[in-house]
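Quick notes on the structure that follows.
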Protein chains: 2
Amino acid sequence: MIRRIPQARERGIPDATVARLPLYLRALNGLAERGTATVSSEDLALAAGVNSAKLRKDLSHLGSYGTRGVGYDVQYLIYQISRELGLTQDWAVAIVGVGNLGRALANYGGFVSRGFRVAGLLDADPAVVGDHIAGLTVEHSDGLEAVIRKRGVSIVVIATPATAAQQVCDRVIAAGVTSILNFAPVVLTVPDGVDVRKVDLSIELQILAFHEQRKVSGGPMMAEDWAGEAG
Amino acid sequence: MIRRIPQARERGIPDATVARLPLYLRALNGLAERGTATVSSEDLALAAGVNSAKLRKDLSHLGSYGTRGVGYDVQYLIYQISRELGLTQDWAVAIVGVGNLGRALANYGGFVSRGFRVAGLLDADPAVVGDHIAGLTVEHSDGLEAVIRKRGVSIVVIATPATAAQQVCDRVIAAGVTSILNFAPVVLTVPDGVDVRKVDLSIELQILAFHEQRKVSGGPMMAEDWAGEAG
DNA sequence: GTGCCTTTGTGAAGCCATGCACAAAGTCGA
DNA sequence: TCGACTTTGTGCATGGCTTCACAAAGGCAC
Ligand SMILES: NC(=O)c1ccc[n+]([C@@H]2O[C@H](COP(=O)([O-])OP(=O)(O)OC[C@H]3O[C@@H](n4cnc5c(N)ncnc54)[C@H](O)[C@@H]3O)[C@@H](O)[C@H]2O)c1
Ligand SMILES: NC(=O)c1ccc[n+]([C@@H]2O[C@H](COP(=O)([O-])OP(=O)(O)OC[C@H]3O[C@@H](n4cnc5c(N)ncnc54)[C@H](O)[C@@H]3O)[C@@H](O)[C@H]2O)c1
């Protein structure tokens, strides 16, 4: 059978598209708050900071939800993207490592706002255990596996020092977690089937520094670049 | 003259490569701490979590710093990558918005550790101004431009609420800053020549949720995926 | 010096993402 | 009902990134 109907959603949405869906969702929520009922790909793309053709191609992976000559229904598109991202259910998240960063995350309102619920705060330091943060009590990380199982935690945020991250990672995976958001500056080793995403401030700054250096070096090609290239 | 020697560093290093250099640098520092003198692309790639061919091609963009049959000299490669990233000089960074997140960032040791120095903490809230954090005093954001100019700030971290981010962004750009790290969940609009990188927790969680949803839906290929493909 | 062995640096192929450009589709006014 | 206009959905070309595979390069043992 050679016939090959390129059915949307037949299997997978490109990673690049998935990474942009939250952006579209945010832009759509902004429009919805201002009472906008429909939006064209051009306008939505502008709000999300992407090319309109890319936006349309991205949305076409979810299905054909637009109306030609009109645009997209804001509310309907919000629902479809939310459903696709799995935000119509709520996800229990545990934060391991309640130091500077862990506290900031626990207090972060935007966390809860869209489908994510902080179901546990865990730390290894007895001095921190028992602290009340954002309505939760910090528990000892000895009970990590129990917390994960009992509260149905499916996403774990690692905000421990780098030295503890792999160990915490191994434990939560053993407890059945397959989605990890890592703030520690280490490359986590995980088995197939486990997703790790990392947020790394240090890397971002270094990338900025790279470009900044090129700017201040006096234009596109500085003298040093030519050194040794003669002959 | 048709001869075209593909000299490394002739013009630009691919973005994808630049984004990985900090990863290599981190892995190399780990090796250096353990006293390793030389490392093969295979081993370094393993430590950095990438394919070894990719590592070699990345490094080849900087120059030909390896020795065939031996590998790369760890210290020398650290120096070369550092220099390429602009980490041999130190960068003055200002943090605007000293709330939960801004405080965590200010207290973050890994900031200073590699070429970045927090040169200013600024906030609009009089209740926060005057606080002492990590050896610095929080200043009022009215003086943003003055701080940037007087202390040679070239990278600004925005950790204000989303509503204030664009305004802060406009001001720091007007003050001459061309590198911004944005933590606020908004798409910043900037003129050409300004680099913005964003760190967005919410997006990362949503991407994790997407994949997690697919997993729990019943394995690698769920029934719904096959609907309509028969025949 | 010579030959073997290891490892680099890179040509080439394949893959994925981007963005243009346009036909198809649907709305809306007359 | 019809025609003009708007906007979507997508075929296609382009470009960048990744990966394989290997010739060239260099160290090292003898
Ligand atoms: N603070 C920031 O702005 C920032 C920025 C980027 C990255 N990071 C990274 O995020 C991580 C946390 O940073 P931080 O500033 O909050 O550090 P922190 O030292 O303030 O907090 C770390 C916390 O983790 C706890 N901990 C240690 N081992 C543990 C274990 N095995 N199980 C559970 N908890 C454990 C400690 O008791 C402590 O409370 C670090 O890896 C840091 O490099 C932080
Ligand atoms: N806390 C987190 O873990 C987290 C995670 C992801 C994203 N974010 C984002 O980071 C930003 C900061 O988060 P937060 O939790 O620290 O919020 P916060 O409310 O605790 O802190 C914001 C700070 O910015 C200051 N501010 C407001 N307007 C300002 C202005 N015009 N100039 C200077 N300072 C100003 C406020 O006075 C306050 O101190 C928010 O946009 C948030 O969405 C936070």
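By convention in this document, chain letters (A, B, ...) are assigned in the order of the sequence lines, proteins followed by strands, and residues within each chain are numbered from 1.
As a whole-Å value, the separation of A/H61 NE2 from D/dT8 C1' is 15 Å. One atom, CD of A/E42, and another, P of C/dA21, lie 14 Å apart when rounded to the nearest Å. Remark: P of C/dT6 and OH of B/Y72 are 18 Å apart, rounded to the nearest angstrom. Remark: P of C/dT7 and CG of B/L59 are 16 Å apart, rounded to the nearest angstrom. Put simply, CD on B/Q80 is 16 Å from C1' on C/dG9, counting in whole angstrom units. Between B/K54 atom NZ and C/dA13 atom C1' the separation is 17 Å, expressed in whole Å. A straight line from CG of B/L77 to P of C/dG9 spans 10 Å, rounded to a whole angstrom. The distance from atom CG of A/L55 to atom P of C/dC20 is 14 Å, rounded to the nearest whole Å.
Considering only side-chain N and O atoms, B/S41 lies under 4.0 angstrom from the phosphate OP1 or OP2 of C/dT8. Side-chain nitrogen and oxygen atoms of A/N51 include none within less than 4.0 Å of the OP1 or OP2 phosphate oxygen of C/dA17. Taking 4.0 angstrom as the limit, B/S40 places none of its side-chain polar atoms (N or O) nearer than this to OP1 or OP2 of C/dT7.
The base of C/dT8 lies close enough to the side chain of B/R68 for a donor and an acceptor atom to sit less than 3.5 Å apart. Residue-to-nucleotide contacts include a donor-acceptor pair under 3.5 Å from the side chain of A/K57 to the base of C/dG19.
Comment: B/R56 does not engage B/E42 in a salt bridge, judged by the lack of any side-chain N to carboxylate O separation of less than 4.0 angstrom. The residues A/R26 and B/D200 are annotated as salt-bridged, a charged nitrogen and a carboxylate oxygen being separated by less than 4.0 angstrom.
One distance of note links CD of B/Q166 with CD1 of B/I158; it measures 8.0 Å at 0.5 Å rounding.
Around the OH atom of A/Y108, the shell of radius 6.0 Å holds more than 12 heavy atoms that belong to other residues, nucleotides or ligands.
Position along DNA chain D of the nearest nucleotide to A/V70 versus A/A53 favours A/V70 as the more 5'-ward residue. Mapping B/G69 and A/D15 onto DNA chain C by nearest heavy atom places B/G69 at the nucleotide closer to the 5' end.
Distance from the side chain of A/R56 is smallest to C/dC22 among D/dC17, D/dC20, C/dC22.
Side-chain contact annotation: B/S179 with A/E212, donor-acceptor N/O pair under 3.5 Å present.
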